[in-house]
Amino acid sequence: MAESRPKVWVSQPLFDDIVARLHAHFDVVQVPDVSEHDAAAIADALRDVDGALVTLNERIDGDAIAEAPKLRAIANVGVGYNNLDVPALHARDIVATNTPDVLTETTADFGFALMMAAARRVTEAERHLRAGKWQGWNFKGLLGADLHGSTLGILGMGRIGQGIAKRASGFDMRVIYHNRSRLPADVERAVNASYVEFDTLLAQADHLVLVLPYSAASHHIVDAAALAKMQPTATLTNIARGGIVDEAALADALAGGRLASAALDVFEGEPAVDPRLLALDNIVLTPHIASGSLATRRAMVTLAVDNLIAALGAGPDAGNPPTPIAPAAKGGKDAKRPGTA
Ligand code: DGY
């Protein structure tokens with residue numbers, strides 16, 4: 001009797017032409033429409049499969065993993081993997097992969113765009129115009145803050161943080177950063193950034209951009225106390241994960257004039273957005289699209305498909321998926337579930 005082929009679950013419609021490569025190796029269960037899968041649906045979907053291609057919308061938790069005896073690989077379409085219980089996967093020797101590098105430049109572009117939009121009040125000004133409130137050129141209307149010549153603070157200096165720092169050179173910005181570990185001197189020179197302590201970053205940044213992984217340690221790292229250390233003229237941009245910012249404290253700071261403006265692409269309870277944030281004018285809100293250029297989203301799916309094929313022992317890289325998630329050092333970023341990069 002012919003040996004049955006491995007079975008894989010694809011949790012969302014992605015790019016059919018790329019996902020089609022899975023059919024050469026596996027029986028593919030493709031979810032046809034954009035779907036919300038709750039814990040029970042995910043456990044059901046994984047129960048009988050060897051591998052899965054999932055997005056950040058699917059939380060792969062310990063219970064689902066425990067109920068999936070055949071599971072050997074999870075390929076996440078995204079660099080952040082706070083949706084995966086990586087320790088539980090690794091405890092079962094299940095390979096977990098993500099999609100670093102391919103989205104770095106696109107995400108850095110968008111982070112820069114959001115920072116500019118917050119500083120120069122772009123979306124607020126557009127709303128003003130569309131609402132018919134523009135009565136003529138107003139010398140003192142909708143004044144914003146400059147980027148050029150200002151100090152850019154970056155919290156989290158991985159690949160995307162470095163990409164943002166490189167872009168800042170073109171705007172003659174001074175770049176300071178804080179990171180779990182300081183970058184080697186040659187990398188600091190290459191991106192023209194200086195390491196500072198967290199409190200110095202908060203106090204000196206005219207524009208603070210968050211690009212750090214989400215973990216137990218970074219949960220609400222930007223809270224009321226941190227916001228109070230920032231300049232009232234500063235802007236805050238978050239393209240990492242929602243849980244890094246205490247959104248209630250941010251809403252208070254923006255409403256109370258203790259922070260000039262903010263830009264958020266990520267939210268703690270997304271897709272739900274705190275109504276207090278929605279009601280504010282001095283905030284730019286986008287629906288988690290920082291990596292969302294067509295070319296980059298295609299590259300992410302291509303890499304995830306390569307990872308899944310290789311992790312399940314097929315294709316030219318059999319057994320060596322290009323971008324596996326390494327087991328965390330004790331207390332490292334997988335120590336608790338949340339994480340991005
Ligand atoms: C990621 O990859 O982690 C982004 O948040 C989505 O592209």
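Order of listing sets the numbers, starting from 1, for every ligand and every atom in it.
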By number and element, which atoms of ligand 1 are closer than 4.0 Å to a non-hydrogen atom of [X]?
X      : result
Leu103 : 2 (O)
Leu56  : 5 (O), 6 (C)
Ser291 : 6 (C), 7 (O)
His288 : 4 (C), 5 (O), 6 (C)
Gly80  : 1 (C), 2 (O), 3 (O)

*asked:* Would you say CG of Asn138 has more than 12 non-hydrogen atoms from neighbouring residues, nucleotides or ligands within 6.0 angstrom?
replied: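 Check passes, neighbour count above 12.
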*Can you tell me if Thr233 and Asp206 form a side-chain donor-acceptor pair at under 3.5 Å?*
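Distance-only check fails for Thr233 and Asp206.
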*Under 3.5 Å, is there a donor-acceptor pair linking the side chains of Ser11 and Glu58?*
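The criterion, which ignores hydrogens and geometry beyond distance, is satisfied for Glu58 and Ser11.
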*For ligand 1, the portion of Thr107 having any non-hydrogen atom under 4.0 Å away*: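 It is neither part, as no heavy atom is under 4.0 Å.
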*Structural part of Thr99 in contact with ligand 1, heavy atom criterion under 4.0 angstrom*: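 Neither part.
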_Can you tell me how the ring of Tyr214 sits relative to the ring of His219, calling it parallel under 30°, perpendicular over 60° and tilted otherwise?_
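Ring orientation of Tyr214 relative to His219: tilted.
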*In terms of ring plane angle, is the pair Trp9 and His37 parallel, tilted or perpendicular, where the classes change at 30° and 60°?*
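Perpendicular: the ring planes of Trp9 and His37 meet at over 60°.
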*asked:* For ligand 1, which is the ligand I care about here, please tell me if Val79 has any N or O atom under 3.5 Å from one of the ligand's N or O atoms.
replied: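 Yes; the residue has a nitrogen or oxygen that sits under 3.5 Å from a nitrogen or oxygen of the ligand.
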_Distance check, rounded to the nearest 0.5 Å: Leu202 atom CG versus Lys229 atom NZ?_
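Spacing of CG (Leu202) from NZ (Lys229) equals 6.5 Å.
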